[in-house]
Amino acid sequence: MSEFAPICIYLVISLLVSLILLGLPFPFASNSSTYPEKLSAYECGFDPFGDARSRFDIRFYLVSILFIIPDPEVTFSFPWAVPPNKIDPFGSWSMMAFLLILTIGSLYEWKRGASDRE
């Protein structure tokens, strides 16, 4: 347990600091329910002229998913940043398989026209 003590101490301190920083503004905050202007919707300086809870087109969600895809790609590519003589063949081929799956997925999205604008 002694080798994990610094990690445990770090986790406890970071948890305490984050909870303190999250709770610190509440005693100093004013009650915003007294200002009806603050509770109203704000839309580019104008009064809202439609319902804010209208249905979105599915393409908006598709575009957001397309922007999320490169994040795991970059995350899983970090271990490959070691010198090439330190990677064994299994690590090299597993990274190639991962990149192949991502390439096939990107080609599939491109062929289906996921990023086309109408």
Side-chain angles (χ1 to χ4, degrees):
M1 180 65 185
S2 64
E3 67 243 11
F4 295 115
I7 295 172
C8 292
I9 292 171
Y10 175 74
L11 288 175
V12 168
I13 290 174
S14 62
L15 181 68
L16 288 174
V17 167
S18 63
L19 289 176
I20 289 171
L21 290 176
L22 280 174
L24 192 63
F26 287 107
F28 303 108
S30 64
N31 190 1
S32 64
S33 64
T34 58
Y35 304 109
E37 294 87 20
K38 284 191 171 187
L39 296 176
S40 67
Y42 181 74
E43 188 173 323
C44 301
F46 300 106
D47 290 330
F49 48 84
D51 187 20
R53 289 168 183 83
S54 62
R55 302 190 109 205
F56 281 100
D57 192 8
I58 192 69
R59 286 175 291 180
F60 290 112
Y61 298 111
L62 185 61
V63 168
S64 67
I65 289 172
L66 290 177
F67 278 108
I68 291 173
I69 287 173
D71 294 337
E73 180 181 352
V74 170
T75 303
F76 288 125
S77 299
F78 276 129
W80 218 27
V82 298
N85 60 353
K86 303 260 189 207
I87 299 176
D88 61 341
F90 177 75
S92 181
W93 284 110
S94 63
M95 181 55 86
M96 289 299 168
F98 176 70
L99 292 176
L100 178 70
I101 291 169
L102 285 175
T103 304
I104 290 171
S106 297
L107 290 175
Y108 176 75
E109 290 172 355
W110 184 25
K111 183 172 173 41
R112 293 289 304 239
S115 60
D116 292 343
R117 303 274 178 172
E118 291 181 7

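Considering Leu15, Leu21, Val17 in turn, Leu15 is the only one that fulfils the side chain to side chain contact (heavy atoms under 4.5 Å, CB included) rule with Leu19.
A continuous path of ILVMFWY side-chain contacts below 4.5 Å connects Leu11 to Phe4, so both sit in one hydrophobic cluster.
Listed by chain and number, the hydrophobic cluster partners of Ile20 come to none, as no ILVMFWY side chain reaches under 4.5 Å of it.
Residue Ser106 holds its OG atom at 10.0 Å from CD1 of Ile104, rounded to the nearest 0.5 Å.
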